[in-house]
Amino acid sequence: MLPLPPRRVLFQRLPRLLFGLVLFGVGLALMVAARLGLGPWMVLNEGISLHTGVPIGTVGIGVGLIVLTLWIPLNQRFGIGTVFNVTVVGLCVDLTLWVLPDMEVTAVRWAAVIGGIVLVGVGTGFYLGTGLGPGPRDGLMTGLAERGLPIALVRTGIEVAVLTAGWLLGGTVGVGTILFAFGIGPLVALSLRILAVDPLAAALTRPGSRRSRDPSSDTSR
């Protein structure tokens with residue numbers, strides 16, 4: 001496990017971490033409710049949910065736990081933020097979908113999908129910016145990249161595989177998927193630049209940083 005920062009710093013960052021994860025979960029739920037297309041991992045979650053009857057957020061928790069087991073041979077270390085990421089986001093997705101009304105008006109659905117993508121981007125800036133541990137998918141990607149594989153190739157390969165599996169299971173692929181793919185990177189980069197409180201997290205957006213090219217690595221949940 002990653003070492004915890006001093007208690008004072010931890011208590012200062014935990015609210016930002018939790019706030020970011022809540023925004024992240026609400027944003028994902030808005031995209032689901034809009035029915036205009038999801039990010040790759042949410043397409044997979046939705047596909048599994050359709051076949052099992054398990055709520056999509058709960059499926060996301062299960063998938064996150066499975067992905068964490070893949071960290072073991074990669075020697076990746078998790079942090080408190082990793083644990084919260086697995087649980088809080090899924091619970092927020094299910095709770096938000098439970099209270100959201102049905103969206104039938106096209107303009108409302110468009111507003112929901114765009115607003116959802118913005119919330120995911122801002123939420124990522126908050127929680128990644130605390131430096132309290134990456135999400136499960138982020139650790140998987142960087143763990144594979146550290147084995148000598150190009151990080152862009154690793155991310156693309158994982159997300160194409162996940163998107164394909166989710167689509168075959170009946171997950172929603174559409175214009176929202178395209179908007180997410182092209183919009184989330186710049187949104188996360190801007191959010192991290194403004195919101196990061198951890199020096200290493202802030203460095204992700206600086207030119208020349210190894211991961212500055214892909215600060216949105218764990219936003220496709």
Side-chain angles (χ1 to χ4, degrees), residues 1-32 38-42 44-45 48-49 54-72 74-99 116-143 158 162 184 187-188 191-192 194-202 204 211 214-221:
M1 183 172 178
L2 294 171
L4 293 175
R7 184 175 300 178
R8 178 180 61 83
V9 175
L10 177 63
F11 287 161
Q12 288 174 344
R13 294 184 184 181
L14 268 178
R16 298 178 68 90
L17 170 73
L18 294 173
F19 181 65
L21 293 174
V22 169
L23 290 182
F24 193 107
V26 172
L28 291 178
L30 285 172
M31 292 186 67
V32 173
L38 305 168
W41 286 93
M42 282 299 287
L44 176 63
N45 294 347
I48 295 173
S49 177
V54 177
I56 188 171
T58 306
V59 170
I61 294 174
V63 170
L65 290 173
I66 292 171
V67 173
L68 279 181
T69 66
L70 302 178
W71 285 27
I72 297 173
L74 298 174
N75 295 319
Q76 293 295 291
R77 294 191 298 168
F78 66 91
I80 188 172
T82 309
V83 177
F84 279 119
N85 183 291
V86 172
T87 54
V88 173
V89 172
L91 293 174
C92 284
V93 169
D94 284 345
L95 180 60
T96 304
L97 287 173
W98 184 61
V99 299
I117 293 170
V118 171
L119 286 181
V120 169
V122 175
T124 302
F126 269 108
Y127 89 76
L128 275 185
T130 64
L132 293 177
R137 299 147 191 84
D138 189 31
L140 174 63
M141 186 200 67
T142 55
I158 290 174
V162 167
I184 197 64
L187 278 171
V188 171
S191 297
L192 268 177
I194 296 171
L195 300 171
V197 294
D198 178 76
L200 291 178
L204 294 176
R211 292 176 61 193
D214 194 20
S216 59
S217 52
D218 198 39
T219 62
S220 53
R221 182 193 185 102

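Note that the structure is predicted; figures quoted are calculated from it, not measured.
- Between V89 and I61 the shortest side-chain heavy-atom distance does not fall below 4.5 Å.
- At distances below 3.5 Å, at least one donor-acceptor pair connects side-chain atoms of W71 with backbone N or O atoms of P136.
- Counting heavy atoms from C-beta on, the side chains of R137 and W41 come closer than 4.5 Å.
- Remark: I184 CD1 to S191 OG distance equals 8.0 Å, nearest 0.5 Å.
- Using a 4.5 Å heavy-atom cutoff, the side chains of N85 and Y127 are in contact.
- A donor-acceptor pair is defined here as one N or O able to donate and one able to accept, closer than 3.5 Å; such a pair exists between the side chain of T124 and the backbone of V120.
- Here the shortest heavy-atom pairing between C92 and G25 reads CB-CA, 4.0 Å.
- Proximity of L17 to F84: side-chain heavy atoms (C-beta onward) are separated by under 4.5 Å at one or more points.
- Side-chain contact between R16 and L195 is present, with at least one heavy-atom pair separated by less than 4.5 Å.
- The backbone N or O of G133 lies less than 3.5 Å from no partner atom in the side chain of R77, so there is not a single donor-acceptor pair.
- Side-chain atoms of T130 never come within 3.5 Å of backbone atoms of R13 as a donor-acceptor pair (strictly under, hydrogens ignored).
- Of the possible polar contacts, none joining the N45 side chain to the I56 backbone as a donor-acceptor pair under 3.5 Å is found.
- Judged purely by atom type and a 3.5 angstrom limit, T58 has no side-chain atom pairing as donor or acceptor with the backbone of V54.
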